[in-house]
Amino acid sequence: MPEPDSQTPALSVVVHGPDVQGHLAALLDSLDAHPLTGTEVIVAAVGDWARETAERHTPAFTVLPLPEGAADSAARAAGAARARGRWLHFVRAKDGLPAGAVRRVAEHTASLPDTVDVLLLDHVRSTWRTTSLPSPDGPRLARAGRADLALDAAAGLLRLTPLLGNRAVRADFWRAHERLLTTDDEPFAATAALLLADRVACLPLPALEDRRLRPESLPPLTPEQWYALIERHERLLDLAEGREDVREEARPAVYSTLYDLMVRDCLRTYARSGMPDDVAREFFRRASDAVRRRRPGGLKTPAGLEGVRRSLLEEGAFGRYHALQAANRARRTVKKAVRTGRRRAGTRLRTLQYRRALAAPLDPHLAVFSAYWARGVACNPAAVAAKLAELAPHIHPVWVVTDRNAALLPPGTDHVVPGTRRYWEVLARAKYLVNNVNFPDAVVKRPGSVHLQTHHGTPLKQMGVDQMPYPAAARGLNFQALLERVDRWDFSVSANSHTTRMWQRAYPSGYVSLDHGYPRNDVFYTAGAEQVRAVRERLGIAPGRRAILYAPTHRDYEAGWTPRLDLAALADRLGEETILLVRGHYFYEGAASPLAGLRRTGRIIDVSSYDPVEDLCLAADALVTDYSSIMFDYANLDRPIVVHADDWETYRTTRGVYFDLMAEAPGPVARTQEELTELLTTDAWRDERAAKARAAFRRRFCEYDDGRAAERVVRRVFLGEDERALPPVLPLAERTPAPSPEAIA
């Protein structure tokens with residue numbers, strides 16, 4: 001083996017592809033956390049999201065920006081062309097790297113002779129509900145041992161999961177065969193690399209986390225993509241037949257293994273894919289033709305049910321195979337029904353009224369709205385409903401509101417109370433269902449109905465399936481039921497690209513993301529001086545007095561709400577010219593308020609029950625919060641924000657967060673009450689440094705909010721207008737927020 005050049009890295013890790021469902025940041029963070037000598041990282045970043053994520057790690061990594069929609073093959077090729085390492089390890093942006101894996105792979109490749117072309121590695125598998133499950137490849141790799149060998153001596157290695165990420169390839173070997181290996185068909189490239197290699201080596205070490213995305217979150221495969229699976233296997237068989245360097249006596253083992261993989265893959269795909277009937281019939285016909293033509297001589301048919309399936313496939317007996325499949329499915333269904341019936345004995349069935357209403361036609365002029373678990377007319381659904389009345393008055397809105405909150409509704413609001421006969425009737429017949437949380441599990445997604453999920457904030461804390469590793473946050477959550485509710489969504493509203501990525505990750509399904517802005521934030525650009533004055537007058541804030549809105553979030557690790565500040569002491573230090581507007585989180589609604597005594601002093605105004613919260617933002621000169629999503633909305637007003645983060649480490653550990661707020665805060669951060677008081681009694685809360693932090697925060701998180709979000713949503717969802725015809729998002733520099741109280745004093 002030649003002496004290595006000290007300037008040449010042993011290994012180039014080529015991270016490639018788009019930032020699918022926001023997983024790229026975690027992958028790059030793990031690589032950046034443990035820099036390695038002799039290893040370089042190339043990020044072939046597809047699209048703006050991936051580029052922005054990768055560029056936060058420069059100059060540690062080399063970033064190659066590629067246009068949106070660039071294929072995986074193009075990204076791999078770009079990364080390989082820039083790589084200087086003697087070995088290449090391709091890792092898709094959606095995947096992960098177990099701790100220590102890169103170092104071990106780099107060390108092992110450095111010890112391999114130049115006769116070895118491919119190093120085979122183990123991997124772990126993760127899904128939305130499981131993490132780091134062992135792969136089936138470990139035993140095969142262990143049996144092969146660590147000595148390098150020719151593939152014809154270990155044809156069983158062809159049965160390893162066909163991923164490029166669970167093998168490292170010698171750079172010279174890759175470039176010699178790049179024309180064949182540079183393909184979007186990763187399983188073909190992974191297997192072809194083995195067939196082309198002179199010698200391979202094995203390292204039974206998990207060196208890849210293969211993250212399986214939820215199928216419902218991916219676009220459906222086209223018929224040609226299904227048929228391409230058969231073509232892939234035939235190409236691999238052709239490649240095996242063309243290898244003259246394989247010993248003649250070993251060729252049958254290699255070929256038979258590939259043939260067996262083709263048959264198993266075709267049968268498994270046909271059985272599990274859920275292809276449309278016409279596609280399934282054509283897939284079966286093509287697969288049958290391929291396995292008949294390619295069957296090796298002397299091959300024995302397996303015994304049992306597997307042998308029956310193979311024989312029917314080889315015969316092209318679609319009807320009999322379909323009948324066999326239906327019989328097995330019916331048998332499983334009966335068993336499942338019996339088990340389900342036993343589990344659900346005694347539970348209530350859906351109301352008879354709902355089942356009857358589901359049989360009636362959808363009403364194209366009926367829309368059901370709900371917000372915050374039926375608390376009332378609020379948030380994004382309220383802003384959408386208001387714009388709907390303006391642009392599409394022919395659609396009648398009905399609000400879902402609890403009996404307790406019904407008395408607080410604006411006069412003339414048509415509403416239903418959960419559980420009543422009319423409640424189930426409107427849910428069954430409405431074409432449009434709009435919510436900022438989720439409708440109950442019992443709600444059926446009817447063909448032709450449109451479910452609009454508006455959400456109610458930009459995520460700092462981890463949401464959806466990302467809560468699974470955090471017991472305090474996940475307590476009582478049924479994640480399978482959650483995803484079944486998510487699968488009903490047709491549209492998901494987003495205020496910024498960060499939110500779009502996090503929703504795709506936290507709620508993986510097939511909905512369309514509406515990157516239109518949050519409708520509730522329109523008022524921050526449409527309100528004028530009179531509206532700001534009117535809100536302050538309703539709240540009892542005298543002209544010329546400074547109002548600070550204090551709006552903390554809830555903690556999953558706390559049973560109730562106790563203010564984390566001594567509000568009386570803070571009010572005393574701020575002086576009589578400052579009013580504190582204190583808003584407890586709505587999760588604590590109905591609990592005894594710890595503010596009762598302070599209210600009587602006149603030093604604060606308890607606005608915990610005041611709606612809408614957007615009015616409070618308009619009235620406030622500044623916001624003090626901790627980790628509440630209100631900071632993202634308030635930033636639209638371009639007014640000072642101060643973060644009080646006395647328990648950041650505990651919150652981050654128990655709930656999980658999507659980014660480090662301490663490093664990317666919208667303004668100054670106080671870790672104690674004394675620090676907060678110091679900030680608010682000097683100009684630090686609104687100085688040049690605070691303004692600079694706020695500007696960066698607004699660029700990232702106020703991306704789509706410009707005052708016309710509700711209009712874009714209504715035109716797209718209710719009027720069916722093409723996205724290209726909607727009002728474009730106004731650049732941030734061209735927006736004019738509502739005037740501040742100081743400006744209109």
Side-chain angles (χ1 to χ4, degrees), residues 20-21 71-72 94 125 127-129 159 161-163 183-191 210-237 258-295 302 305-337 444-448 480 483-484 486-490 508-512:
V20 179
Q21 297 181 7
D72 274 352
K94 71 173 180 63
R125 298 168 298 162
T127 68
W128 67 267
R129 70 169 87 195
R159 298 185 183 278
T161 307
L163 303 168
T183 170
D184 289 329
D185 188 346
E186 182 182 6
F188 173 83
T191 306
D210 176 28
R211 186 173 285 111
R212 307 286 180 88
L213 302 177
R214 189 166 179 256
E216 290 84 352
S217 70
L218 303 173
L221 295 180
T222 65
E224 291 308 317
Q225 287 174 309
W226 291 120
Y227 307 149
L229 179 141
I230 305 167
E231 297 168 11
R232 172 202 304 158
H233 284 288
E234 294 213 73
R235 290 177 65 202
L236 291 171
L237 288 168
L258 289 173
Y259 176 83
D260 183 63
L261 288 171
M262 177 175 71
V263 176
R264 289 190 179 189
D265 210 2
C266 287
L267 288 173
R268 184 182 296 113
T269 300
Y270 174 79
R272 300 178 182 178
S273 66
M275 290 181 254
D277 289 344
D278 57 335
V279 177
R281 185 180 292 274
E282 177 62 14
F283 179 90
F284 193 91
R285 185 194 68 76
R286 295 190 185 196
S288 175
D289 179 61
V291 299
R292 269 200 313 273
R293 285 187 292 101
R294 298 291 190 163
R295 181 182 172 96
L305 186 58
E306 180 67 15
V308 173
R309 290 194 179 101
R310 289 186 174 222
S311 296
L312 292 174
L313 178 62
E314 290 176 356
E315 295 169 18
F318 177 80
R320 283 187 288 156
Y321 191 97
H322 189 69
L324 175 67
Q325 188 182 34
N328 288 334
R329 189 161 48 238
R331 198 159 39 245
R332 290 193 298 269
T333 300
V334 170
K335 290 180 180 178
K336 182 179 179 180
V444 173
K445 175 68 166 71
R446 297 185 63 180
Q480 182 59 49
L483 285 180
E484 289 173 2
V486 170
D487 287 341
R488 298 194 301 240
W489 301 354
D490 293 288
S509 195
Y511 51 80
V512 173

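At distances below 3.5 Å, at least one donor-acceptor pair connects side-chain atoms of Arg292 with backbone N or O atoms of Glu314. Using a distance-only test at 3.5 Å, with no hydrogens or angles considered, a donor-acceptor pair links the side chain of Ser311 to the main chain of Gly307. No donor-acceptor pair closer than 3.5 Å links the side chain of Ser217 to the backbone N or O of Pro508. Counting only distance, with no hydrogens or angles, the side chain of Tyr321 and the backbone of Arg309 share no donor-acceptor pair below 3.5 Å. One N or O on the side chain of Arg211 and one on the backbone of Lys94 form a donor-acceptor pair closer than 3.5 Å.
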**Request:** Could you walk me through whether Leu261 and Thr191 pass side-chain contact (heavy atoms from CB on, under 4.5 Å), step by step?
**Result:** CA-CA 11 Å; Leu261 288 171; Thr191 306; 6.0 Å; no
**Request:** Go through the steps to decide whether Met262 and Leu237 satisfy the test side-chain contact (heavy atoms from CB on, under 4.5 Å), and finish with yes or no.
**Result:** CA-CA 9 Å; Met262 177 175 71; Leu237 288 168; 4.1 Å; yes
**Message:** Walk me through whether Arg293 and Glu234 qualify under side-chain contact (heavy atoms from CB on, under 4.5 Å).
**Reply:** CA-CA 10 Å; Arg293 285 187 292 101; Glu234 294 213 73; 3.0 Å; yes
**Request:** Show your working on side-chain contact (heavy atoms from CB on, under 4.5 Å) between Leu163 and Glu186 and close with a plain yes or no.
**Result:** CA-CA 6 Å; Leu163 303 168; Glu186 182 182 6; 4.1 Å; yes
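To the nearest 0.5 angstrom, Asp265 atom CG is 4.5 Å from Leu229 atom CG. Remark: Glu484 CD to Glu216 CD distance equals 9.5 Å, nearest 0.5 Å. Interatomic distance, CZ of Phe284 versus CD1 of Ile230, reported as 10.5 Å (0.5 Å rounding). To the nearest 0.5 angstrom, Arg294 atom CZ is 10.0 Å from Asp289 atom CG. The CG atom of Asp490 sits 4.0 Å away from atom NZ of Lys445, with the distance rounded to the nearest 0.5 Å. Going from atom CG of Asp210 over to atom OG1 of Thr161 covers 7.5 Å, rounded to the nearest 0.5 Å.
Considering only residues two or more places apart in sequence or on other chains, Trp489 meets the ring pair (Phe, Tyr, Trp, His ring centres under 6.0 Å) condition with His455, Tyr507, Tyr511. For the ring pair (Phe, Tyr, Trp, His ring centres under 6.0 Å) test, no residue two or more places apart in sequence or in another chain qualifies with Phe283. Residues satisfying the salt bridge (charged side-chain N to carboxylate O under 4.0 Å, His left out) criterion with Glu315, sequence neighbours excluded, are Arg320.
A salt bridge links Asp260 to Arg159: one of the charged nitrogens lies within less than 4.0 Å of a carboxylate oxygen. Salt-bridge check for Glu306 with Arg310: passed, with a basic side-chain N closer than 4.0 Å to an acidic carboxylate O.
Minimum heavy-atom separation, Asp184 to Asp72: OD1-N, 3.4 Å.
Screening Phe318, Tyr227, Trp226 for a side-chain contact (heavy atoms from CB on, under 4.5 Å) with Glu282, the sole residue that qualifies is Tyr227.
The 12-atom threshold is not exceeded at CZ of Arg281, counting heavy atoms of other residues, nucleotides or ligands nearer than 6.0 Å. Crowding of Asp278 atom CG: a count of heavy atoms from other residues, nucleotides or ligands under 6.0 Å exceeding 12.
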